[in-house]
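Written out below as structure tokens is the structure these notes cover.
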Amino acid sequence: MDEHTFIENFSNQEWPSKTYLCYKVERLDGNATIPLDGYQGFVRNKGFDQLEEPRHAEFYFLEQIRSWNLDKNQRYRLTCFISWSPCYTCAQNLTTFLKENRHISLHIFASRVYTRDCFGCHQSGLCALQAAGARITIMTFEDFERCWETFVDHQGKPFQPWEGLEVKSQEFCEELQAILTTQQN
DNA sequence: ATTTTCAAT
């Protein structure tokens, strides 16, 4: 991913009308985690402008995972950095996937909390996803930096945080915490 | 004080 795309989409000061999702996979072997570098990459949503059926980024992510046919006798950890947190429908699809694939765990790092959901309640979607075992957190400075190091064609440049990164991250974190703790009982 | 959201005006 080029530098501009990363900043434009992952900056928590921006409100882009598109979503990028970076993913990586590790195999868990006892206490060891073995990165599967061949399986890492990123996807974005496709909209009406591309003459394809509009689909959210998570659709393509799930499509990728399914294509790998990860060995059910091994354990894997998926990590994804996503610029908007999953909508209700996508959260449900991920929930179903995790329930059907107990050998796979998922940790989602979201830059921003998506709240404009036309098809359902994004809060309950995220709660269900968490209940299915996913970890959902807001990206902090360290997470942006890790994403930058791993997925951006940074040409050796270190991650330069934008103004207000920490404050916004904290705000979204509180918003997400409120969502994930409210509906649990 | 504080919009915006995987678009469509």
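Chain letters run A, B, ... following the sequence lines, proteins first, then strands; residues in each count from 1. Atoms considered below: every heavy atom in the structure, side chains included; atoms not considered: hydrogens, waters and symmetry mates.
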- [ ] Kindly assign one of parallel, tilted or perpendicular to the pair A:F81 and A:F109, based on the angle between their ring planes and the thresholds 30° and 60°.
- [x] parallel
TODO: Give a yes/no on whether any side-chain N or O of A:S17 is located under 4.0 angstrom from OP1 or OP2 of B:dC6.
DONE: yes
TODO: Sticking with atom C1', work out how far B:dT3 lies from B:dA7, rounded to a whole angstrom.
DONE: 16 Å
Task: Whole-Å distance separating the CD atom of A:E171 from the C1' atom of B:dT3 - done: 14 Å
Task: Value in whole Å for how far the P atom of B:dT5 lies from CZ of A:R44 - done: 15 Å
TODO: Nearest whole angstrom, please: distance from the P of B:dT2 to the CD of A:E175.
DONE: 15 Å
TODO: Examine the side chains of A:N93 and A:T96 and answer whether a donor and an acceptor come within less than 3.5 Å of each other.
DONE: no
- [ ] Round to the nearest Å and state the distance from A:K168 atom NZ to B:dT5 atom P.
- [x] 14 Å
Task: Listed partners of A:R102 passing side chain to side chain donor-acceptor pair (under 3.5 Å), at least two apart - done: none
Open item on the list: Centroid separation under 6.0 Å, is that true for the rings of A:W148 and A:F141?
Closed with: no
Open item on the list: Using a strict heavy-atom distance below 4.0 Å, which residues from residues 55-66 of chain A are in contact with DNA chain B?
Closed with: A:H56, A:A57, A:E58
- [ ] Please state whether the phosphate of B:dT4, meaning OP1 or OP2, lies under 4.0 angstrom from any side-chain nitrogen or oxygen of A:R116.
- [x] yes
Task: For A:K168, salt bridge (charged side-chain N to carboxylate O under 4.0 Å, His left out) partners two or more places apart - done: A:E171
Open item on the list: So A:S111, base contact, sugar-phosphate only, or nothing? Heavy-atom distance under 4.0 Å.
Closed with: nothing
Open item on the list: According to side chain to side chain donor-acceptor pair (under 3.5 Å), who are the partners of A:W68, at least two apart in sequence or on a separate chain?
Closed with: none
TODO: Can you tell me the distance, in whole Å, between the CG atom of A:N45 and the P atom of B:dA8?
DONE: 11 Å
Task: Nearest-angstrom distance, C1' atom, B:dT2 to B:dC6 - done: 24 Å
- [ ] Rounded to the nearest angstrom, tell me the gap between atom CD in A:Q13 and atom P in B:dT5.
- [x] 16 Å
TODO: Nearest whole angstrom, please: distance from the P of B:dT5 to the CD1 of A:I82.
DONE: 17 Å
Task: A:H122 NE2 to B:dT5 P, straight-line distance once rounded to whole Å - done: 14 Å
Open item on the list: List the residues meeting side chain to side chain donor-acceptor pair (under 3.5 Å) with A:Y88, not counting sequence neighbours, and say none if there are none.
Closed with: A:Q92
- [ ] Taking side chain to side chain donor-acceptor pair (under 3.5 Å) as the test, write out the residues that go with A:Y76, two or more places apart.
- [x] none
Open item on the list: Roughly how many Å apart are B:dA1 and B:dT5, using the P atom of each and rounding to a whole number?
Closed with: 23 Å
- [ ] Return no unless some side-chain N or O of A:N9 is found under 4.0 Å from OP1 or OP2 of B:dC6.
- [x] no
Open item on the list: Does B:dC6 have OP1 or OP2 under 4.0 Å away from a side-chain N or O of A:Y20?
Closed with: no
TODO: With heavy atoms under 4.0 Å as the rule, sort A:C87 into base, sugar-phosphate or nothing.
DONE: base
Open item on the list: Please give the distance between the C1' atoms of B:dA8 and B:dT4 as a whole number of Å.
Closed with: 14 Å
